[in-house]
Amino acid sequence: MNTALKILHIDSNHPILWEQLQQSGFINHEDFTSSKEEIEDKIQDYHGIVIRSRFKIDKKFLDKATNLQFIARVGAGLESIDCDYAIGKNIELIAAPEGNRNAVAEHTLGMILSIFNNLNNADNEIKSGHWNREKNRGHELDGKTVGIIGYGNIGSQLSVLAEGLGMKVIYFDAETKLPLGNAVNVKTLKDLVSKSEIVSLHVPELPSTKNLINKNLLKSFKKGSILINYARGEVVDIDALAKS
């Protein structure tokens, strides 16, 4: 390993990454406070970048990074990087699509439990000295149908957790994905949302997923159903959702 290879950590990450890179012979530097322009002024000195979501890695930045060999993002998506331009410069792109699989799936399940049991509302009311038992009576998840849009690392893990609570799982994915447990693959988004009490989004931000949840699709949602977005904001047409 060439000990001269230098990596700039632009965002904080787990100490084990720093330690293992150091053990492998890399030289680690960190800069969590400089502006993007200030980073651009010195990025030519580095062979690798480790980033979360601090700023976008665009063409201007990449043109300054004349010695860059890789960009590693501590996260699942690479939408904050001009991927085509980076690949054209022979820069390797590294993501961590499995890193937060269980954490996000559990958090999604926590959101579902909170909504169906009015936990946030009840908690706020009790703190204000009010006990509205009937108003905040919850609903069991057993037998409810959750429709998962995007059956990748997170979506498939949510599928497993939801089935563990007795929920029915259906899913839609642009690619062919084998089901886990008793999950059922449906062929269209309209079919999925029309059958689901809960619709949970777990897709990347791509041109094909922008406004995936739009005015026309919202018309097919079950009355009173719940939409949970653990993807990116651009996936949902917020104006259409507010009017639905």
Would you kindly say whether [X] and [Y] are connected by a side-chain donor-acceptor distance under 3.5 Å?
{"X": "Gln157", "Y": "Asn153", "result": "no"}
{"X": "Tyr85", "Y": "Asp58", "result": "no"}
{"X": "His139", "Y": "Asn117", "result": "no"}

Do side-chain atoms of [X] reach the backbone of [Y] as a donor and acceptor pair under 3.5 angstrom?
{"X": "Asn229", "Y": "Arg232", "value": "yes"}
{"X": "Asp31", "Y": "Thr33", "value": "yes"}
{"X": "Ser225", "Y": "Lys222", "value": "yes"}
{"X": "Glu163", "Y": "Val169", "value": "no"}

For the [atom1] atom of [X] and the [atom2] atom of [Y], what is their distance to the nearest 0.5 Å?
{"X": "Asn124", "Y": "Asn118", "atom1": "CG", "atom2": "CG", "value": "11.5 Å"}
{"X": "Lys64", "Y": "Leu62", "atom1": "NZ", "atom2": "CG", "value": "12.5 Å"}
{"X": "Asn185", "Y": "Leu192", "atom1": "CG", "atom2": "CG", "value": "9.5 Å"}

Phe61 and Phe55 aromatic ring geometry - parallel, tilted or perpendicular at 30°/60° bounds: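 The arrangement is tilted - the two ring planes meet at 30° to 60°.
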Carboxylate-amine/guanidinium contact Lys187 Asp191, below 4.0 Å: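 Salt bridge between Lys187 and Asp191, a charged N being under 4.0 Å from a carboxylate O: no.
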Asp142 and Lys168 ion-paired at < 4.0 Å: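 Looking at Asp142 and Lys168, the cut-off is not met.
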Where [X] and [Y] come nearest, the two heavy atoms and their spacing:
{"X": "Ile148", "Y": "Gly155", "result": "CD1-O, 3.4 Å"}
{"X": "Thr66", "Y": "Gln44", "result": "OG1-CB, 3.5 Å"}
{"X": "Leu93", "Y": "Ala86", "result": "CD2-CB, 4.0 Å"}
{"X": "Gly152", "Y": "Asp173", "result": "N-OD2, 4.0 Å"}
{"X": "Thr145", "Y": "Glu197", "result": "N-OE1, 2.6 Å"}

Do [X] and [Y] come close enough that some side-chain heavy atom pair is under 4.5 Å?
{"X": "Asp11", "Y": "Asn13", "result": "no"}
{"X": "Leu78", "Y": "Ile94", "result": "no"}
{"X": "Ile213", "Y": "Asp237", "result": "no"}

Lys NZ or Arg CZ of Lys177 over Tyr151 ring: under 6.0 Å, within 45°: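 No.
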Salt bridge (charged side-chain N to carboxylate O under 4.0 Å, His left out) between Asp82 and Lys56, worked out: CA-CA 8 Å; Asp82 189 329; Lys56 290 187 178 296; over 6 Å; no
Criterion side-chain hydrogen bond (donor to acceptor under 3.5 Å, both in side chains) against Tyr46, the qualifying member of Lys6, His29, Gln69: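 Per the side-chain hydrogen bond (donor to acceptor under 3.5 Å, both in side chains) rule, the option paired with Tyr46 is His29, out of Lys6, His29, Gln69.
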